[in-house]
Amino acid sequence: MKKILIVEDEVLLRETLVDLFDEESYQAAGVSNGREALTYLKGTTPDIIVSDIAMPEMDGIELLKIAKSEPRWQKIPFFLLTAKVSLEEKLQGLEVGADDYVTKPFDINELLLRIHNAIRLSERRAEAQSEASHPADLKMTDSFFLDALNNFLSLHFFEPDLNSEVAAKHLRLTPSGFQKKIKRLVQKPFGQYLREFRLEQARELLLSNTMNVKEVAHRVGFRRPDYFSRAFRQYFEKSPSEFLH
């Protein structure tokens with residue numbers, strides 16, 4: 001059973017999350033601030049930490065810095081909960097070592113999916129490191145990278161500000177190293193890969209016939225519907241409206 005530590009000073013939210021994760025067959029524990037979290041961590045190593053940012057005594061960023069500097073805890077996936085976060089703040093948190101941000105109010109099913117993916121990626125990282133003690137298996141390493149990237153995109157493709165720098169920080173690579181790796185693996189720059197990923201998601205939304213073209217464009221991260229329509233036609237050789245029933 002996977003263990004989750006919830007660090008949240010709002011009692012009702014903390015207790016609700018603990019109950020929900022217990023129902024999903026996780027072993028959940030809740031504490032009210034970073035200092036209590038450190039006390040918990042000294043006796044138990046969870047599989048993931050979900051922490052609020054603004055808390056008394058020790059906030060989530062300080063807890064994150066300490067956790068990522070301690071060898072015993074630095075590989076634990078760490079999610080930050082926040083009511084609002086700017087791109088600059090998000091980059092700062094990712095630079096410190098946050099694995100993901102979850103903005104309040106959030107959908108519990110989305111949070112569960114993100115946590116499931118984060119744990120799976122953590123397990124695959126451990127497998128890849130184990131493989132490193134044997135002759136290098138390039139295909140395994142590349143497969144892991146693409147899986148990690150696609151899992152990240154599936155949770156963030158709709159964010160208009162998503163770019164290669166954000167993705168690189170999430171995957172623990174330098175921006176230049178990230179660009180070189182993705183171009184070698186898929187023969188295209190990240191910007192094109194992200195655009196095509198968004199367009200594939202857009203096609204599915206159009207086929208579901210629940211949104212119009214403008215709504216779909218914004219839903220998948222395009223700020224301008226006219227640019228979305230041009231990119232869609234260029235990629236699929238059909239206009240978005242032709243996919244509507």
Legend entry - Donor-acceptor contact below 3.5 Å, side chain E237 vs main chain Q234: no

Inset, instruction - Please report the C-alpha distance between T45 and R72 in whole Å, then the side-chain angles of each, then the deciding distance to 0.1 Å, and finally whether the side chain to side chain contact (heavy atoms under 4.5 Å, CB included) criterion is met. - result: CA-CA 8 Å; T45 302; R72 292 176 295 167; 5.7 Å; no

Inset, instruction - State yes or no: do L20 and L13 share one hydrophobic cluster built from I, L, V, M, F, W and Y residues joined by side-chain heavy-atom distances below 4.5 Å, directly or via other members? - result: yes

Inset, instruction - Just jot down the side-chain hydrogen bond (donor to acceptor under 3.5 Å, both in side chains) partners of K214, sequence neighbours excluded, or say none. - result: none

Inset, instruction - Would you please name every residue forming a side chain to side chain contact (heavy atoms under 4.5 Å, CB included) with L112, sequence neighbours left out? - result: F21, E24, Y26, I108, N109

Inset, instruction - Return the set of residues passing salt bridge (charged side-chain N to carboxylate O under 4.0 Å, His left out) with R224 (not counting sequence neighbours), or none when no residue passes. - result: D226

Inset, instruction - Kindly give the heavy-atom pair with the smallest separation between S229 and V213, and that separation in Å. - result: OG-CG1, 4.0 Å

Inset, instruction - Measure from NZ or CZ of R203 to the centre of the six-membered ring of F232 and say whether it is under 6.0 Å with the direction within 45° of the ring axis. - result: no

Legend entry - Worked check of side chain to side chain contact (heavy atoms under 4.5 Å, CB included) between Y235 and R198: CA-CA 11 Å; Y235 184 60; R198 285 170 165 164; over 6 Å; no

Legend entry - Donor-acceptor contact below 3.5 Å, side chain K188 vs main chain I182: no

Legend entry - All pairs passing salt bridge (Lys or Arg N to Asp or Glu O under 4.0 Å) where residues 46-56 contributes a residue, at least two apart: D52-K104

Inset, instruction - Would you please test F178 and F190 for ring pair (Phe, Tyr, Trp, His ring centres under 6.0 Å) and show each step? - result: CA-CA 9 Å; F178 172 78; F190 175 73; 5.3 Å; yes

Legend entry - Pair E196-Q192, side-chain donor/acceptor within less than 3.5 Å: yes

Inset, instruction - For atom NZ of K183, decide whether the heavy atoms of other residues, nucleotides or ligands shown that lie under 6.0 angstrom number more than 12. - result: no

Inset, instruction - Identify, with sequence neighbours excluded, every residue that meets salt bridge (charged side-chain N to carboxylate O under 4.0 Å, His left out) alongside K180. - result: none

Inset, instruction - Mind listing the closest non-hydrogen atom pair of V7 and A37 along with its distance? - result: CG2-CB, 3.8 Å

Show me the donor-acceptor pairs, under 3.5 Å and distance only, between side chains in residues 56-63 and residues at least two apart or in other chains.
{"from": "D59", "atom 1": "OD1", "to": "I61", "atom 2": "N", "distance (Å)": "3.2"}
{"from": "D59", "atom 1": "OD1", "to": "E62", "atom 2": "N", "distance (Å)": "2.8"}

Legend entry - With T44 via side chain to side chain contact (heavy atoms under 4.5 Å, CB included) - residues at least two apart: K3, Y40

Tabulate below the donor-acceptor pairs under 3.5 Å that side-chain atoms of residues 28-36 make, not counting sequence neighbours, or state none.
{"from": "S32", "atom 1": "OG", "to": "E36", "atom 2": "OE1", "distance (Å)": "3.0"}
{"from": "S32", "atom 1": "OG", "to": "E36", "atom 2": "OE2", "distance (Å)": "2.9"}
{"from": "N33", "atom 1": "OD1", "to": "R35", "atom 2": "N", "distance (Å)": "3.0"}
{"from": "N33", "atom 1": "OD1", "to": "E36", "atom 2": "N", "distance (Å)": "3.0"}
{"from": "E36", "atom 1": "OE1", "to": "S32", "atom 2": "N", "distance (Å)": "2.9"}

Legend entry - Short N-O contact, K75 and D99, less than 4.0 angstrom: no

Legend entry - Matching residue for L5 among V18, I48, V50, L41 - test: side chain to side chain contact (heavy atoms under 4.5 Å, CB included): L41

Inset, instruction - May I ask you to check whether H218 and F222 place their ring centers less than 6.0 Å from one another? - result: no

Inset, instruction - Following the transitive rule for hydrophobic clusters with a side-chain heavy-atom cut-off under 4.5 Å over Ile, Leu, Val, Met, Phe, Trp and Tyr, establish whether F158 and L155 coincide in one cluster. - result: no

Inset, instruction - Is it possible for you to say whether L113 and F78 belong to one hydrophobic cluster, with membership spreading through side-chain heavy-atom contacts below 4.5 Å? - result: no

Legend entry - Listed partners of R223 passing side chain to side chain contact (heavy atoms under 4.5 Å, CB included), at least two apart: P160, D161

Inset, instruction - State the CG-NE2 distance between L111 and H116, to the nearest 0.5 angstrom. - result: 13.5 Å

Inset, instruction - Sequence neighbours left out, what passes salt bridge (charged side-chain N to carboxylate O under 4.0 Å, His left out) with R233? Give chain and number order. - result: none

Inset, instruction - Under the salt bridge (charged side-chain N to carboxylate O under 4.0 Å, His left out) rule, collect the residues that match up with D100, sequence neighbours excluded. - result: R114

Legend entry - Qualifying residues under side chain to side chain contact (heavy atoms under 4.5 Å, CB included), relative to S69, sequence neighbours excluded: none

